[in-house]
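Heads up, the thing below is written out as structure tokens.
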Amino acid sequence: MSKHCEKVAVLKNVLVTIMCTLVVIAVSSDSLLAEAKGVAALSYWEDSAVAKTELTNYMAQITDENSASYIPVEDRIAVFDLDGTLCCETDPVYFDHELLVYRVFGDPAYKDKATDFEKAVALKVVQYAETGKYPEELSNEHGQAIASAFSGMTVDEFIQYVAAFKNTPMNGYTGMTKGEAFYQPMIQIVNYLQQNDFKVYIVSGTDRLILRGLVEGELNIPPSQIIGSDETIVSSTQNGADGLDYQFKDGDSLVLGGDFVVKNLKMNKVSAIAQEIGQQPVLSFGNSSGDYSMAKYVVTGNKYKSLAFMLCCDDTVRENGKLSSAEKMLNKCNENGWIPISMKNDWKTIYAEGVQRK
């Protein structure tokens, strides 16, 4: 080989080495940039929060097309519980339970029309608020009482009713309405996922229509991505006819039919995800036993890298924490490989500025 050819070969090798180095630098820079964006986007989270580190590292991997963990945009799906995961769970009871108590005992347009069943269920809610003991049968009874107490109301009227109720003050806080009781660090999580092309669903035990009214204006999640417990919806002139025997016609409107269909908790959440989303999500966020099945489903046999996060209600100063429940959840996370989120230690703030617990 001539000296000229040798010089050309050496030059080619140098150029190849430089190009490879630039590619590595570019890929590393992209990963570092993704992590940096995550840190900035999650400013309400302590830097020491393991959950924050896990999520930002995960995002850097699954958005990197050169990574073995890359997830195509169409498969980036995250599911969130609502109560105790995205917003305050009990103050002193669930939002939808408070709604029933108001409808039955406080609403001047309805309280004199409330049935004995609705009053009995609402009374159980009041007793639950006083004792802290949740009757096992209350989940389904509450669903049926909500369905019957609002029967005949149009879908839009019901959502507007919920929207009006959420503007009432929180019981245990100053400077915040019920509709504003969303956890600021979790709002950042939702925004962060959406910025990284995730499709975010809420999968909750709360009535689907109540969810729509509560979430509207608080989170950028469309009604089609909200899954909850269900009640019947019928035509305003259907008059009890079976849906197979009735045709929707001019002048009809959609109204609540008065019957409860399903409580969307535990295994029912997994079934709803399969039916309504049709894909296995890759991220799950929950906070209670009602979310165990959803978390397990997301991380079991998934073709993509998947994670499940669980909130631990361990903050008794800024929030309505319960240490025994927090410890139980932490143990469950350790048993199942789920990532715990400490409301006390991981969050710089919980609610918006100016909010204080009474």
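Not measured: the values here are computed from a predicted model. For reference, positions follow the sequence shown, starting with 1.
- Among Asn220, Leu219, Leu86, the one residue that satisfies the side-chain contact (heavy atoms from CB on, under 4.5 Å) test with Ile187 is Leu219.
- Side-chain contact between Phe260 and Ile146 is absent, with no heavy-atom pair separated by less than 4.5 Å.
- Inter-residue side-chain proximity for Tyr70 and Thr63 is flagged as unmet; no heavy-atom pair is nearer than 4.5 Å.
- Around the NZ atom of Lys249, the shell of radius 6.0 Å holds more than 12 heavy atoms that belong to other residues, nucleotides or ligands.
- A centroid separation of less than 6.0 Å is found between the aromatic rings of Tyr292 and Trp338.
- Under a 3.5 Å cut-off, the side chain of Glu218 and the backbone N or O of Phe182 do not form any donor-acceptor pair.
- The backbone N or O of Pro108 sits nowhere less than 3.5 Å from a side-chain atom of Asp112 that would complete a donor-acceptor pair.
- In Asp242, the CG atom is crowded: over 12 heavy atoms of neighbouring residues, nucleotides or ligands sit closer than 6.0 Å.
- Taking each heavy atom of Thr232 and Gly258 in turn, the nearest pair found is OG1-N, 3.6 Å.
- Note that CD1 of Ile341 is 10.0 Å distant from CG of Asn287, once rounded to the nearest 0.5 Å.
- The shortest distance between side-chain heavy atoms of Thr206 and Tyr94 does not fall below 4.5 Å.
- Not a single donor-acceptor pair under 3.5 Å links the side chain of Asp230 to the backbone N or O of Val262.
- Using a cut-off of 4.0 Å between Lys/Arg side-chain N and Asp/Glu carboxylate O, Glu74 and Lys199 are scored as not salt-bridged.
- Other residues, nucleotides and ligands place no more than 12 heavy atoms under 6.0 Å from the CD atom of Gln247.
- Within a 6.0 Å sphere centred on NZ of Lys358, other residues, nucleotides and ligands contribute more than 12 heavy atoms.
- Here the shortest heavy-atom pairing between Ser204 and Asp83 reads OG-OD2, 4.2 Å.
- Side chain to side chain, Ser342 and Asp314 meet the donor-acceptor criterion of an N or O pair below 3.5 Å.
- Remark: the backbone N or O of Lys332 is paired with a side-chain donor or acceptor of Asn336 at under 3.5 angstrom.
- Interatomic distance, OG of Ser306 versus OH of Tyr297, reported as 11.0 Å (0.5 Å rounding).
- Hydrophobic clustering (ILVMFWY, side-chain heavy atoms < 4.5 Å, transitive): Phe95 and Leu138 are in one cluster.
- Ring pair Tyr134/His97 is tilted by interplanar angle, where 30° to 60° counts as tilted.
- To the nearest 0.5 angstrom, Glu276 atom CD is 10.0 Å from Ser224 atom OG.
- Ser151 places no side-chain N or O within donor-acceptor distance of the main-chain N or O of Ala147, the cut-off being under 3.5 Å.
- The NZ atom of Lys178 lies 3.0 Å from the OG1 atom of Thr168; values are rounded to the nearest 0.5 Å.
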Salt bridge (Lys or Arg N to Asp or Glu O under 4.0 Å) evaluation trace for Asp81 with Lys269: CA-CA 10 Å; Asp81 171 55; Lys269 287 198 174 191; 3.1 Å; yes
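- No side-chain N or O of Arg208 forms a donor-acceptor pair with one of Asn264 less than 3.5 Å apart.
- Between the Tyr351 side chain and the Tyr173 main chain, no donor and acceptor come within less than 3.5 Å of each other.
- Although no hydrogens or angles enter the test, the distance criterion places no donor-acceptor pair under 3.5 Å between the side chain of Glu141 and the main chain of Val121.
- Judged by distance alone, the side chains of Tyr246 and Thr237 do bring a donor and an acceptor atom under 3.5 Å apart.
- Figure legend: Arg103 and Phe150 shown as a cation-pi pair, the cationic atom lying under 6.0 angstrom from the six-membered ring centre and within 45 degrees of its axis.
- Side chain of Lys263 to backbone of Gly143: no donor-acceptor contact under 3.5 angstrom is found.
- Residues Phe285 and Asp291 fail the side-chain proximity criterion, which asks for heavy atoms closer than 4.5 Å.
- Considering only heavy atoms from C-beta on, Cys312 stays 4.5 Å or farther from Met343 through its side chain.
- Judged as a side-chain hydrogen bond (donor to acceptor under 3.5 Å, both in side chains), and not counting sequence neighbours, the contacts of Tyr183 are Glu319.
- Asp346 and Tyr44 are not linked by any side-chain donor-acceptor pair at a separation below 3.5 angstrom, with hydrogens and angles left out of the test.
- A single hydrophobic cluster is seen to contain both Met186 and Phe198, as judged by linkage of ILVMFWY side chains at heavy-atom distances under 4.5 Å, directly or through other members.
- Between the side chains of Asp75 and Tyr304, at least one donor N or O lies within less than 3.5 Å of an accepting N or O.
- Ile210 CD1 to Leu99 CG: the interatomic distance, rounded to the nearest 0.5 Å, is 5.0 Å.
- Contact of the Thr90 side chain with the Tyr128 side chain is registered, since non-hydrogen atoms from C-beta on lie closer than 4.5 Å.
- Residues Asn171 and Glu98 have side chains that bring a donor and an acceptor to within less than 3.5 angstrom of each other.
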Tell me which donor-acceptor pairs under 3.5 Å the side chains of residues 153-167 have, and how far apart each pair is, sequence neighbours excluded?
unit_1: Thr154; atom_1: OG1; unit_2: Glu157; atom_2: N; d: 3.0
unit_1: Thr154; atom_1: OG1; unit_2: Glu157; atom_2: OE1; d: 3.3
unit_1: Glu157; atom_1: OE1; unit_2: Thr154; atom_2: N; d: 3.0
unit_1: Tyr161; atom_1: OH; unit_2: Asp107; atom_2: OD2; d: 2.6
unit_1: Lys166; atom_1: NZ; unit_2: Gly213; atom_2: O; d: 3.1
unit_1: Lys166; atom_1: NZ; unit_2: Leu214; atom_2: O; d: 3.2
unit_1: Lys166; atom_1: NZ; unit_2: Glu216; atom_2: O; d: 2.7
unit_1: Asn167; atom_1: ND2; unit_2: Ala163; atom_2: O; d: 3.3

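- With a 6.0 Å radius and a threshold of 12 heavy atoms from other residues, nucleotides or ligands, Lys328 has its NZ atom at or below the threshold.
- Counted within 6.0 Å of CD on Glu137, heavy atoms from surrounding residues, nucleotides or ligands total more than 12; the atom is thus considered enclosed.
- No side-chain heavy atom of Thr85 sits less than 4.5 Å from a side-chain heavy atom of Phe309.
- Under the 4.5 Å side-chain heavy-atom criterion for grouping Ile, Leu, Val, Met, Phe, Trp and Tyr, Met294 is not connected to Leu265 through any hydrophobic cluster.
- Closest heavy-atom contact between Ser293 and Val270: O-CG2, 3.5 Å.
- Residues Leu283 and Met310 do not share a hydrophobic cluster, clusters being chains of Ile/Leu/Val/Met/Phe/Trp/Tyr side chains in contact below 4.5 Å.
- Between Ala308 and Ala295, the closest heavy-atom pair is CB-CB, 3.8 Å.
- Side-chain contact annotation: Asn345 with Glu46, donor-acceptor N/O pair under 3.5 Å absent.
- A donor-acceptor contact shorter than 3.5 Å links the side chain of Arg76 to the backbone of Ile71.
- For the pair Asp64 (side chain) and Gln61 (backbone), a donor-acceptor distance under 3.5 Å is absent.
- In terms of heavy atoms, Ala114 sits closest to Val104 at CB-CG1, 3.9 Å.
- No hydrogens or angles considered: nothing links the side chains of Lys344 and Thr316 as a donor-acceptor pair under 3.5 Å.
- Between Glu231 and Leu256, the shortest heavy-atom distance links the atoms OE1-CD2, 2.9 Å.
- With hydrophobic clusters built from ILVMFWY side chains whose heavy atoms lie under 4.5 angstrom apart, Val79 does not share a cluster with Met59.
- With a 6.0 Å radius and a threshold of 12 heavy atoms from other residues, nucleotides or ligands, Gln279 has its CD atom above the threshold.
- With values rounded to the nearest 0.5 angstrom, Arg212 atom CZ is found 5.5 Å from Leu209 atom CG.
- Side-chain atoms of Leu311 and Met329, non-hydrogen and from C-beta on, never get closer than 4.5 Å to each other.
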